[in-house]
Amino acid sequence: MNNDFQSGSRSGYRAKRKKTNLILNSLIVIVLALIFFVAYTIFLSGDDKASQKEEQTKTAANEASEKEAKNTEDKTAVEGTEKDSDSEENADEESEEATAQEDDAQAVITEGDGSSNVLKTIENPAWKPVGTVQTGEHTTVYDKTSADWQEMLKAISYATGLEETNTTVYWFGRDKTGGTGSFTTVASKDKTQKYNVYLEWVDGEGWKPTKVEELSAIQ
């Protein structure tokens, strides 16, 4: 009977020990699984952050590259526009100079005979009306505040080459030779250039120079 009790005790002890080992082994497996899971999660998180950072770096680099390309393109476009503008301005200036030379080439110059203060007379069929802001029937007005006066000054400058701001008007009135136009005597501010200028009105187009007399003195 004693042997049976001892045999039962051993069997129970072995079973209990076996159960304890099973529980311990299960806990070890669970702990290892948790460790593996945590490590895997950290690894994936690190990869995601690295990939995200790399993607952000690539995006920033692409944006910088695109911005630089756009700035270069805009700069090239501006330079091209400025170059085209300069070319157009140069072309306009050259065209104006060529036109002026052609106009001057048509001028008829008659030297004075010494019997008057007229050094030479210039008549140029290439002269054109200088334009006008006036409409309707025209009546000449010799008043410094009038559009007529300003437009006549413009025509005088056109024919003589004097700047309007460098012009002194000594006389302005009807053509003293009996014509239907206007006549004026002008000089530069320093009186080194002196002229009689004859003008005629062209309806809708303004005043047109018809003759310029270069003077030795103003009488």
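Side-chain atoms are counted along with the backbone in the values below, which use heavy atoms only and exclude waters and symmetry mates. Residue indices begin at 1 and follow the sequence shown.
Nearest heavy-atom pair, Leu162 versus Ala187, reported as atom, atom and distance to 0.1 Å: CD1-C, 4.1 Å. Of all the heavy atoms in Ala126 and Tyr158, the pair that sits closest is O-OH, 3.9 Å.
Rounding to the nearest 0.5 Å places CD of Glu213 at 3.5 Å from OH of Tyr198. Taken to the nearest 0.5 Å, the CG atom of Leu22 stands 9.5 Å off from the CG atom of Leu27.
At a threshold of 4.5 Å between side-chain heavy atoms, the hydrophobic network of Ile, Leu, Val, Met, Phe, Trp and Tyr places Leu215 and Phe183 in two separate groups. Val212 is connected to Ile109 through a chain of hydrophobic side-chain contacts under 4.5 Å among Ile, Leu, Val, Met, Phe, Trp and Tyr, so both are in one cluster. The cluster map of Ile, Leu, Val, Met, Phe, Trp and Tyr, joined by side-chain heavy atoms under 4.5 Å apart, puts Val169 and Met152 in the same cluster.
No side-chain heavy atom of Gln106 sits under 4.5 Å from any side-chain heavy atom of Trp127. For the pair Phe172/Lys144, no side-chain contact is recorded, criterion being any heavy-atom separation below 4.5 Å from C-beta on. Counting heavy atoms from C-beta on, the side chains of Thr160 and Thr167 never come closer than 4.5 Å.
Partners of Gln150 under the side chain to side chain contact (heavy atoms under 4.5 Å, CB included) rule, at least two apart in sequence or in another chain, are Leu153. Here Thr210 pairs with nothing under the side chain to side chain donor-acceptor pair (under 3.5 Å) rule; sequence neighbours left out. Under the side chain to side chain contact (heavy atoms under 4.5 Å, CB included) criterion, Glu137 pairs with no residue, sequence neighbours left out. With sequence neighbours excluded, the residues forming a side chain to side chain contact (heavy atoms under 4.5 Å, CB included) with Thr168 are Tyr170, Lys189, listed by chain and number.
With hydrogens and angles ignored, the 3.5 Å screen pairs no side-chain donor or acceptor of Glu214 with any backbone N or O of Ile122. Judged purely by atom type and a 3.5 angstrom limit, Ser182 has no side-chain atom pairing as donor or acceptor with the backbone of Asp175. Under a 3.5 Å cut-off, the side chain of Ser188 and the backbone N or O of Gln193 do form a donor-acceptor pair. Between the side chain of Tyr195 and the main chain of Ile156, no donor-acceptor pair closer than 3.5 Å is present.
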Just distance, no hydrogens or angles: give the donor-acceptor pairs under 3.5 Å from side chains in residues 199-208, sequence neighbours left out.
residue : atom : partner : partner atom : Å
Trp201  : NE1  : Asp203  : OD1          : 2.8
Trp207  : NE1  : Asp148  : OD1          : 3.1

Taking only distance into account, with no hydrogens and no angle test, what donor-acceptor pairs under 3.5 Å do side-chain atoms of residues 112-121 form with protein atoms, sequence neighbours excluded?
residue : atom : partner : partner atom : Å
Asp113  : OD1  : Ser115  : N            : 2.9
Asp113  : OD1  : Ser115  : OG           : 2.5
Asp113  : OD2  : Ser115  : OG           : 3.1
Ser116  : OG   : Val118  : N            : 3.2
Asn117  : ND2  : Ala217  : O            : 2.6

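With 3.5 Å as the limit, one finds a donor-acceptor pair spanning the side chains of Glu151 and Thr132.
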